[in-house]
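Data first, discussion second: the structure below is written as structure tokens.
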Amino acid sequence: TTRSWEYIKVSLSETGKVGIVQLNRPKALNALCSGLFHELNDAIRTLDNDPAVGAVVLTGLPKAFAAGADIKEMANTHFVDNYKSNFLGHWTEITQARKPVIAAVQGFALGGGCELAMMCDLIYAGDNAKFGQPEIKLGTIPGAGGSQRLVKAVGKSKAMELVLSGNMWSAEEAERAGLVARVFPADTVVAEAVKLGEQIASYSQVATQMCKEAVNKSFELSLAEGLHFERRLFQATFATKDQKEGMKAFAEKRAAQWTNQ
Ligand code: CAA
């Protein structure tokens with residue numbers, strides 16, 4: 001968190017338990033240029049590996065969470081180079097984070113910006129948020145999950161409408177569709193996301209990581225395999241000190257003292 005960044009700001013909450021990454025490229029509405037994404041990956045990796053941090057909040061600027069991939073940067077690139085360099089492949093690194101990542105979205109979350117928000121574990125939106133996949137208007141298609149994660153989040157019909165029309169959803173529409181967990185007045189959404197991050201960070205890190213892992217597996221596995229995976233992880237929690245402490249503390253009517261062991 002102490003190094004200097006060009007495209008992002010990285011900080012910790014007052015308790016030091018929640019990492020906060022702010023996308024900060026105001027002159028391009030946080031368009032996700034290559035330099036920005038490399039910094040973002042570095043920051044998330046650093047926070048994920050910091051034992052004091054229990055959750056991460058990813059946010060943008062009041063006007064834009066992110067207006068998408070950098071159109072000017074990619075406009076004149078060609079298929080073979082993009083294929084050979086696996087263009088946008090490095091964008092998925094954020095999904096490898098073991099700690100929960102909460103997106104706090106204000107303003108535009110378009111194209112890659114919407115896709116980046118969907119790579120997070122959940123989305124809190126300010127009431128000024130606008131979600132969309134406008135790639136169709138550029139003669140291309142979503143390239144970082146907009147045709148995949150969106151379907152899993154909102155179902156086929158709503159996803160089709162968004163990607164084929166290029167229209168934007170208001171925060172309220174996004175919440176109704178299930179893309180967004182909750183909507184807040186725009187100027188409070190980051191604080192609310194940090195508050196949730198603090199709550200998550202107040203629990204055993206082993207348990208929160210396993211929770212996240214189990215929910216994410218539901219996207220990859222059949223129901224039978226997913227239930228099997230969940231049950232094994234549940235059983236595994238009984239090998240942790242935190243499960244013993246959590247259940248003992250309940251019986252003794254006191255707060256649990258987690259050791260993340
Ligand atoms: N890439 C590069 N620059 C961008 C950008 C983007 N995605 N979005 C905005 N900018 C730049 C603008 O070019 C402008 O720069 P200049 O001042 O140098 O002209 C600056 O940010 C401010 O933008 P606007 O003047 O356009 O602001 P506005 O308030 O009038 O409009 C907007 C806001 C509706 C978000 C509009 O900027 C817009 O439509 N942006 C593009 C959205 C888009 O198409 N995103 C998808 C990108 S493709 C993608 O993401 C592929 C993928 O799946 C990974």
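As a basis for the values below, the full set of heavy atoms in this structure was taken, side chains included, without hydrogen atoms, waters or symmetry mates.
At distances below 3.5 Å, not a single donor-acceptor pair connects side-chain atoms of Q133 with backbone N or O atoms of G166. Counting only distance, with no hydrogens or angles, the side chain of K158 and the backbone of V151 share no donor-acceptor pair below 3.5 Å. A donor-acceptor contact shorter than 3.5 Å links the side chain of D48 to the backbone of K99. Using modelled atom types, no side-chain atom of N30 and backbone atom of G60 make a donor-acceptor pair closer than 3.5 Å. Of the possible polar contacts, one joining the E115 side chain to the G143 backbone as a donor-acceptor pair under 3.5 Å is found. Of the possible donor and acceptor atoms, none in the side chain of N24 sits under 3.5 Å from a partner among the backbone N and O of K9. A donor-acceptor distance shorter than 3.5 angstrom exists from the side chain of D121 to the backbone of V101, with no hydrogens or angles considered.
The hydrophobic clustering, which links ILVMFWY residues whose side-chain heavy atoms are closer than 4.5 Å, places L110 and L40 apart. One hydrophobic cluster holds both L138 and L88 under the rule that ILVMFWY side chains link at heavy-atom gaps under 4.5 Å. If you chain together hydrophobic residues whose side chains sit under 4.5 Å apart, I8 and F108 never meet in one group. Under a hydrophobic-cluster definition in which Ile, Leu, Val, Met, Phe, Trp and Tyr are linked whenever side-chain heavy atoms come within less than 4.5 Å, directly or via other members, I44 and L12 are assigned to the same cluster. Note on V154: it clusters hydrophobically with L116, by side-chain heavy-atom contacts below 4.5 Å among ILVMFWY residues.
In this pair, F37 and H90 present their aromatic rings perpendicular. The plane angle is above 60°, beyond the 30 to 60° band.
Sequence neighbours left out, the pairs with a member in residues 63-86 that pass salt bridge (Lys or Arg N to Asp or Glu O under 4.0 Å) are R25-D70. Sorted by first and then second residue, the ring-ring contact (aromatic ring centres under 6.0 Å, His included) pairs involving residues 231-261 (not counting sequence neighbours) are F234-F238.
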Inset, instruction - Tell me, with the steps shown, if M210 and V206 meet side-chain contact (heavy atoms from CB on, under 4.5 Å). - result: CA-CA 6 Å; M210 284 190 184; V206 195; 4.0 Å; yes

Legend entry - Step-by-step side-chain contact (heavy atoms from CB on, under 4.5 Å) determination, I136 to V163: CA-CA 7 Å; I136 199 75; V163 300; over 6 Å; no

Inset, instruction - Could you walk me through whether T240 and Q243 pass side-chain hydrogen bond (donor to acceptor under 3.5 Å, both in side chains), step by step? - result: CA-CA 6 Å; T240 68; Q243 173 273 331; 5.2 Å; no

Legend entry - From CA spacing to verdict: side-chain contact (heavy atoms from CB on, under 4.5 Å), E245, T259: CA-CA 9 Å; E245 164 62 8; T259 54; over 6 Å; no

Inset, instruction - Take V80 and Y83 through the test side-chain contact (heavy atoms from CB on, under 4.5 Å) and record every step on the way to the result. - result: CA-CA 5 Å; V80 171; Y83 179 79; 5.6 Å; no

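From H38, atom NE2 reaches atom SG of C33 across 10.5 Å, with rounding to the nearest 0.5 Å. Rounded to the nearest 0.5 angstrom, Q96 CD and M119 CE are separated by 11.0 Å. The CD atom of E192 sits 10.5 Å away from the CG atom of D187 when rounded to the nearest 0.5 Å. To the nearest 0.5 Å, atom SG of residue C114 and atom CD of residue E135 are 8.5 Å apart. The CE atom of M168 sits 11.5 Å away from atom CD of E173, with the distance rounded to the nearest 0.5 Å. The distance from the CG atom of L162 to the CE atom of M160 is 12.0 Å, given to the nearest 0.5 Å.
Taking every heavy atom of both residues into account, A64 and L29 meet most closely at CB-O, 3.5 Å. Minimum heavy-atom separation, N260 to Y203: OD1-O, 4.2 Å. The shortest non-hydrogen separation linking V105 to A109 is CG1-CB, 3.9 Å. G54 and P100 make their closest contact through O-CD, 3.7 Å (heavy atoms, listed as atom of the first residue, atom of the second, distance). Closest heavy-atom contact between E6 and E39: N-OE2, 2.9 Å. The minimum heavy-atom distance linking V21 with A43 is given by the pair CG2-CB, 4.2 Å.
Between E161 and S157 the shortest side-chain heavy-atom distance does not fall below 4.5 Å. A 4.5 Å side-chain heavy-atom check between Y7 and L32 finds every atom pair outside the cut-off. Residues E230 and L221 fail the side-chain proximity criterion, which asks for heavy atoms closer than 4.5 Å. Inter-residue side-chain proximity for Q205 and D242 is flagged as unmet; no heavy-atom pair is nearer than 4.5 Å. Between E172 and R176, some side-chain heavy-atom pair lies under the 4.5 Å cut-off. Looking at heavy atoms from C-beta onward, L58 lies in side-chain contact with L23 at the 4.5 angstrom threshold.
Side chain to side chain, T59 and Q106 fail the donor-acceptor criterion of an N or O pair below 3.5 Å. For the residue pair S222 / E225, no side-chain donor-acceptor distance below 3.5 Å is found, with atom types taken as modelled.
Within 6.0 Å of CZ on R182 lie no more than 12 heavy atoms contributed by other residues, nucleotides or ligands. More than 12 heavy atoms of other residues, nucleotides or ligands lie within 6.0 Å of NZ in K212, so this atom counts as buried by the packing criterion.
If you chain together ILVMFWY residues whose side-chain heavy atoms come under 4.5 Å of each other, L227 ends up grouped with L223. The hydrophobic cluster around V57 extends to V18, I20, I102, L122, Y124, F184, V189, V190, V194, L196, I200, counting ILVMFWY residues whose side-chain heavy atoms fall within less than 4.5 Å of a member. Applying the under-4.5 Å side-chain rule to Ile, Leu, Val, Met, Phe, Trp and Tyr, the cluster around F219 consists of that residue alone.
A salt bridge links R45 with E93: the closest approach of a Lys/Arg side-chain nitrogen to an acidic carboxylate oxygen falls below 4.0 angstrom. Between K217 and E213, none of the side-chain N atoms (NZ, or NE/NH1/NH2) sits under 4.0 Å from a carboxylate O, so this pair counts as no salt bridge.
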Name each donor-acceptor pair under 3.5 Å that joins a side chain in residues 125-132 to protein atoms two or more places apart or in another chain, with its distance.
| unit_1 | atom_1 | unit_2 | atom_2 | d |
| --- | --- | --- | --- | --- |
| D127 | OD1 | A186 | N | 3.2 |
| N128 | OD1 | G107 | N | 3.2 |
| N128 | ND2 | P62 | O | 3.3 |

